[in-house]
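Everything numeric here is computed off the predicted structure, so don't read it as measured data. Numbered from 1 within each chain, the chains take letters A, B, ... in sequence-line order.
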Amino acid sequence: MSGEAPPLSPAVVPRLPRGVRFSRDEARGRFVLLAPERILEPDEIAVEILRRIDGEATLGEIVDQLARDFAAPREEVAADVEEFLRGLNEKGMIEL
Amino acid sequence: MNDIPAPIGMLAELTHRCPLSCPYCSNPVELDARQGELSTAEWLRVFDEAKALGVLQVHLSGGEPGLRRDLEEIVARCAEHGIYTNLITSGVQIDEARLARLGDAGLDHVQLSIQDVEIGPADEVAGMKGAHLRKMAFARHVREQGFPLTVNLVVHRGNIARLGRAIDLAAEMGAKRLEVAHVQYYGWAFVNRASLMPEWPQVEEALKVTAEAQARLKGRMVIDSVTPDYYARRPKACMGGWGSRALNVTPAGKVLPCHAAETIPGLEFWTVRDHSLADIWANAPAFNAFRGTDWIEEPCSSCEIKASCRGGCRCQALAIAGRAEAADPACEKSAYHEVLRDMAREDAVQRGHPYRYRTMKTPTRDPEPVG
Ligand SMILES: C[S@@+](CC[C@H](N)C(=O)[O-])C[C@H]1O[C@@H](n2cnc3c(N)ncnc32)[C@H](O)[C@@H]1O
Ligand code: SF4
Ligand code: SF4
């Protein structure tokens, strides 16, 4: 767990680095996160986060949207999103 | 085609033309001529059909894909479809500006092949003076422009003694991944096996060097190395199963279950000029010839790992055992395993055969058949 890491700034703009692609896999009715030699199948929540990462939206905006769209407590959403993004960041699949 | 799972990956051999002439090249001895190549419109249609079929990754290869002027257009079309694009290149053809254009078009990943760690032998095998230094410059541009880089090194008798240093070079080049590709004896490599086959102790040493480097470079560079067939005890699972995960389109549009499948006589291949990719995947006789495990015979039918192994490589079974349905001779249980090893031992002690460089012209003498 990265419990000691300082919280991410809400102004951070998460981005997919070159070489990582988030894409709709119509033929199999799912979304996929494509990286070198890897195909990940993100779960429903991850898909909702990833589809809001467009290289412009800030972390704060993404959390706001999710909290609103799913009528969920903002604090909780923020914690989930942060944990998810940090995990991908450690694998080099998200830039923060 | 409901019960046939859709393919994940597609190898698109955009052209067989190449500025280099590596004697180990796995391309067929009879290369597709430029006049026969698919047009831009045809390739774009193939990628549209690939997306609809379920392909998620394409490997743009050849020959040298950089020789296609429409490479940017092809990459852009794939990106539009959300298909992951991997450019497999010799790196001598694509300059910094063109690489940037490919990046703008949406290129995701670059795989660069190198011949050696030393300039002299590298350029000699490539058949081009200055090739090695151009590759080093290309790798710099790849990293500067932020692409993930894989380096591919084909290992053979001429460079196996320098493998350790070549691995270090790949790490210095900034590769995230290195493929240590012990030469596979297809195409031109088969013709040249008397000059490419390393000796047994060299292979043993190479495997040791690789394992040591894997441990040392952990976290910095992943090293994928496949044990050479004649040295292995079990075959490699070919293509993740014949007609199950991937397909290969040749420059002229023929669709193959694997890049060497054309060596198997009697198989009927369809082309994208006559059929859609989905039709080919589901119905082309070549794809159905070895799908599933029904065709499998002993010793494979009673083998506990047949579901994953599927008897190994059909092309090698044909080349060595004389029948495409046989177990891959790379397997210890194959009756031809010793034949494969003996061939390797014999080739390894051959000397004095000059390289026969890859060229577009059909060589005057046909490669001798084996077995
Ligand atoms: C046929 S080449 C075509 C693309 C490009 N010209 C290049 O060399 O990268 C595709 C890949 O196969 C590798 N390769 C070529 N011949 C091989 C062989 N006989 N066994 C294993 N890999 C081989 C090359 O190093 C390269 O990474
Ligand atoms: S392996 Fe060598 S000869 Fe073959 S296509 Fe690649 S660069 Fe050309
Ligand atoms: S017996 Fe056949 S299925 Fe079993 S490992 Fe050998 S080649 Fe593969």
Within a 6.0 Å radius of atom CG on A:L96, are there more than 12 heavy atoms belonging to other residues, nucleotides or ligands?
yes
Contacting region of B:A52 [heavy-atom separation from chain A under 4.5 Å]
backbone
Please check this pair: side chain of B:Y84 against backbone of A:I39, looking for a donor-acceptor N/O pair closer than 3.5 Å.
no
How close do A:S23 and B:G82 get, heavy atom to heavy atom, and via which atoms?
OG-O, 2.9 Å
Any residue of residues 54-62 of chain B which, by heavy atoms, sits under 4.5 Å from chain A:
B:G54, B:L56, B:Q57
Please name the pair of heavy atoms, one in A:A27 and one in B:L53, separated by the smallest distance, quoted to 0.1 Å.
CB-O, 3.9 Å
Look at the side chain of A:R28 and the backbone N and O of B:A6, then say whether any donor-acceptor pair between them is shorter than 3.5 Å.
yes
Contacting moiety of B:L107, where chain A heavy atoms sit under 4.5 Å:
backbone
State the CG-CG distance between B:N86 and A:L34, to the nearest 0.5 angstrom.
12.0 Å
Against chain B, residues from residues 49-65 of chain A with at least one heavy atom under 4.5 Å, in numeric order, are none
Enclosure of B:R216 CZ (heavy-atom neighbours >12, cutoff 6.0 Å):
yes
Expected output: side-chain A:R21 to main-chain B:T85 donor-acceptor under 3.5 Å:
no
In sequence, state the C-alpha distance, the side-chain angles, and the governing distance for A:R18 and B:Q145, and then conclude on side chain to side chain contact (heavy atoms under 4.5 Å, CB included).
CA-CA 9 Å; A:R18 184 162 265 187; B:Q145 296 184 24; 3.9 Å; yes
Atom pair CD (A:E26) and NE2 (B:H81), whose distance is rounded to the nearest 0.5 Å
12.0 Å
